[in-house]
Number of protein chains: 2
Amino acid sequence: MATASRVFGKPAMVGPDTTAKVRNAAAALGYVANPTARALATGSSGLLGLIVPDLSSPYFATLISAIQTEIEGRGFELIVSDSRGVPETEHEIVQRLQGRVDGLILASPRNTDSVLISIARRLPIVTVNRELPGIDSVSIDVSDGLADLCRFLLDHGHQRIAYIGGPPGSLADDGRFQSVEAAMEAGNGTALRIGPVQPNAQAGAETLSAIQLSNVSAVIAYNALVAHGLMLAAVSEGLNVPRDLTVTAVDDLIDIGLSLPTVTAITQPMTEVGQKSAGIILALISGSHEELQQRPPHQAQHLVLSASLSVNKS
Amino acid sequence: MATASRVFGKPAMVGPDTTAKVRNAAAALGYVANPTARALATGSSGLLGLIVPDLSSPYFATLISAIQTEIEGRGFELIVSDSRGVPETEHEIVQRLQGRVDGLILASPRNTDSVLISIARRLPIVTVNRELPGIDSVSIDVSDGLADLCRFLLDHGHQRIAYIGGPPGSLADDGRFQSVEAAMEAGNGTALRIGPVQPNAQAGAETLSAIQLSNVSAVIAYNALVAHGLMLAAVSEGLNVPRDLTVTAVDDLIDIGLSLPTVTAITQPMTEVGQKSAGIILALISGSHEELQQRPPHQAQHLVLSASLSVNKS
DNA sequence: TTGTACGCGTTATCAT
DNA sequence: ATGATAACGCGTACAA
């Protein structure tokens, strides 16, 4: 019985012939190790949790895909959950998953710093697009990409542009507007702020009237969905995009092969973000005894990947 | 100890005052029930598995979102995995998840009928877009939508069209081409078959030369990604879409608010598919003792939802 | 190298 | 209504 356990757990500690016998017997009986019992005995479940604000978004679909690919073969499975961008819901999910998973990846978390820090005390976590003291994270820096984008727009004669922000409650939103505003003003331009709005095409379409009233020639949207919705609305109103209105976005759908025409976007390396965050959480779990406990809180690592400008010809 | 268990499991079987005492003690000690131990004792994990051919596809992102929403609050978590469309990988994932989950949803499975049926003998499963004897399923019927689409194209003067199929190994592909062929011939038109190709924009773009050689005026693509890739390629070659080439697709991105301009598409009710399949698998798990065992294999239910034509104005 | 016995934290059975 | 105890299936000291 113990030998059987070792054959699957520590193959090195058992004789070759015995191993063969056990494996044959296992195959004959259709035996498969019970992960639940193993989890109870070892204290770790082989489960990782991922919480995102919107499961249906292609932005996070790419992230999920990358994380799942990364942990596959390392003996881990991925549990996904959707917080709908609500801080309370996000926290409830953490409670549910607590004790069920070995670690948690929080993508674009909506909770306050203190809540997140208290979560990190109970469970290994990695945050995506949110940097906090003592918590490992992977973020994408869009400020350079935004500055590039603003210069690109200024070069093409757009002095007065609008920034459509969103979603409500997103800390990234403020930072993005500030980047845009600074870059525009550095080029003697102006950036108007519209929103925040929900990050979907419908909400983007609904900003059209405000855009038209504001008399801008170009728009930078929070993400490609918003941009696309706005573009569709503009086109169906008879506007020529990009001649009458240039639509650009921070986010993009390039990962799924959907680089939108007439929309210049900023590429975010979501696959790499997924790989990095998965790698970190696995390292945290494995080395939790040595590293995690000893390492002073302020030594958490923050990986920052850069977004880059992707210019469409049209 | 047993009483504490009952307070959380069957609150009705314990006195009000005792309940209060236990709850207070639990709160004071920060006690949370251990899901793993509970799973070992009860035999069910509260985990559901979902296997898709491509996690990064927005098509499945919508499905994931719907399933997760449906099982949330019913005490279940969702484990997602990506088979990359490879039958062997799909089967390996099933083996891994076997014993870990209480039930499995197989979306667009690539395995043979017999393999799927043998899986169903060991584990409650529901298939999506695949109907097999004895296995509950939820499918989308696109044949009516395709017939509508063909008539729409014929009405607009397209006698000769191309169907771009894919992905390789998809049974749905054959059925779709047959629907298209039948509908076109019924209107004295012709349907040429191109592919199969991978269901992404890149592959769609690569079909352009074949399309141009085939001298067709309209195209029906396997999904919106393929259609979009083709459209981008056509536009960048100087073609006017839809004047020079009308691009349509079976699949669509309407669920995420991305109804593509110049692409007339067939709407698939993915959210409803997710709800239905989740509901069925939960019912199977709950009533597995009475229903599942007794019910003759051929009485499995097959829910078939209809896809509908969505015509864009442009 | 292999076998024995205990513990992981909970639920279910039985008795009270 | 409540309390004691045996499983659930595995990993792991410990002994052989």
Side-chain angles (χ1 to χ4, degrees), chain A residues 1-47 49 74-77 79 95-103 122-124 285-286 288-289, chain B residues 1-47 49 74-77 79 95-103 122-124 285-290:
Chain A
M1 181 162 248
T3 304
S5 172
R6 282 185 277 252
V7 168
F8 297 97
K10 336 233 179 212
M13 284 179 62
V14 63
D17 48 344
T18 319
T19 302
K21 266 198 279 189
V22 173
R23 288 210 176 281
N24 287 339
L29 275 66
Y31 170 87
V32 242
N34 184 326
T36 306
R38 175 176 299 192
L40 186 58
T42 60
S44 60
S45 60
L47 258 34
R74 301 246 244 146
F76 282 83
E77 303 297 338
I79 295 181
Q95 308 278 35
R96 289 206 321 253
L97 260 36
Q98 154 115 347
R100 201 181 247 294
V101 300
D102 295 338
R122 291 173 280 150
L123 191 66
I285 293 169
S286 311
S288 59
H289 298 296
Chain B
M1 179 164 252
T3 303
S5 172
R6 281 185 280 250
V7 168
F8 297 98
K10 341 232 177 210
M13 285 179 61
V14 63
D17 46 346
T18 319
T19 302
K21 266 197 281 189
V22 172
R23 288 208 176 280
N24 287 339
L29 275 66
Y31 169 88
V32 246
N34 183 326
T36 306
R38 174 174 299 190
L40 185 59
T42 59
S44 61
S45 61
L47 258 33
R74 301 244 245 147
F76 282 83
E77 303 298 337
I79 293 181
Q95 308 279 36
R96 289 206 320 253
L97 260 36
Q98 154 115 344
R100 204 183 244 299
V101 299
D102 295 337
R122 290 173 282 152
L123 191 67
I285 293 170
S286 310
S288 58
H289 298 296
E290 313 92 61

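In what follows, every chain begins at residue 1, and chains take the letters A, B, ... in the order their sequences are listed. Because only heavy atoms are used, hydrogens play no part in the values below, and waters and symmetry mates are left out as well, while side chains stay in.
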- Message: Pick the closest DNA chain D nucleotide for A/Ala2 and for B/Thr19 by heavy atoms, then say which residue is nearer the 5' end.
- Response: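 Mapping each residue to its closest nucleotide by heavy atoms, the 5'-most match is B/Thr19.
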- 5'-most contact on DNA chain D: B/Met13 or A/Phe8, nearest heavy atom basis?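 Final value for this comparison: B/Met13.
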- Message: Could you measure the distance from the CZ atom of A/Arg38 to the CZ atom of B/Arg100? Nearest 0.5 Å is fine.
- Response: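 One finds 9.0 Å between CZ of A/Arg38 and CZ of B/Arg100.
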If you check every side-chain atom of [X], which of [options] has the closest atom?
{"X": "A/Ser5", "options": "C/dT1, D/dT12, C/dC8", "value": "D/dT12"}
{"X": "B/Ala41", "options": "C/dT10, D/dT2, C/dT1", "value": "C/dT10"}
{"X": "B/Thr42", "options": "C/dT2, C/dT11, D/dT12", "value": "C/dT11"}
{"X": "A/Arg6", "options": "D/dT2, C/dT2, D/dG9", "value": "C/dT2"}
{"X": "B/Arg38", "options": "D/dG3, C/dT2, C/dT10", "value": "C/dT10"}
{"X": "A/Asn34", "options": "D/dG9, D/dT2, C/dT1", "value": "D/dG9"}

- Task: Rounded off to whole Å, could you give me the CG-to-C1' distance for the B/Leu40 and C/dG7 pair?
- Result: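 Going from B/Leu40 (CG) to C/dG7 (C1'), I get 12 Å.
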- Rounded to whole angstroms, how far apart are CZ on A/Arg100 and P on C/dG9?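 Spelled out: CZ on A/Arg100 to P on C/dG9 is 16 Å.
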By the 4.0 Å heavy-atom rule, please label [X] as base, sugar-phosphate, or nothing.
{"X": "B/Val32", "result": "sugar-phosphate"}
{"X": "A/Gly15", "result": "sugar-phosphate"}
{"X": "B/Ala33", "result": "sugar-phosphate"}

- Item | Contact check, side chains of A/Val32 and B/Gln95, non-hydrogen atoms, under 4.5 Å |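 SC-SC contact between A/Val32 and B/Gln95 ruled out.
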- Query: Hey, does the side chain of B/Thr36 reach the backbone of A/Leu40 with a donor-acceptor pair shorter than 3.5 angstrom?
  - Reply: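 Looks like no, no N/O pair under 3.5 Å.
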- Which heavy atom of B/Ser45 sits nearest a heavy atom of B/Ala39, and at what distance?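 That would be CA-CB, 3.8 Å.
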- Message: For B/Arg6 and B/Thr3: C-alpha separation, side-chain torsions, deciding distance, then whether side chain to side chain contact (heavy atoms under 4.5 Å, CB included) applies.
- Response: CA-CA 5 Å; B/Arg6 281 185 280 250; B/Thr3 303; 3.9 Å; yes
- Could you tell me whether the phosphate oxygens of D/dG11, OP1 or OP2, come under 4.0 Å of any side-chain nitrogen or oxygen in A/Lys10?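 Answer is no, no contact under 4.0 Å.
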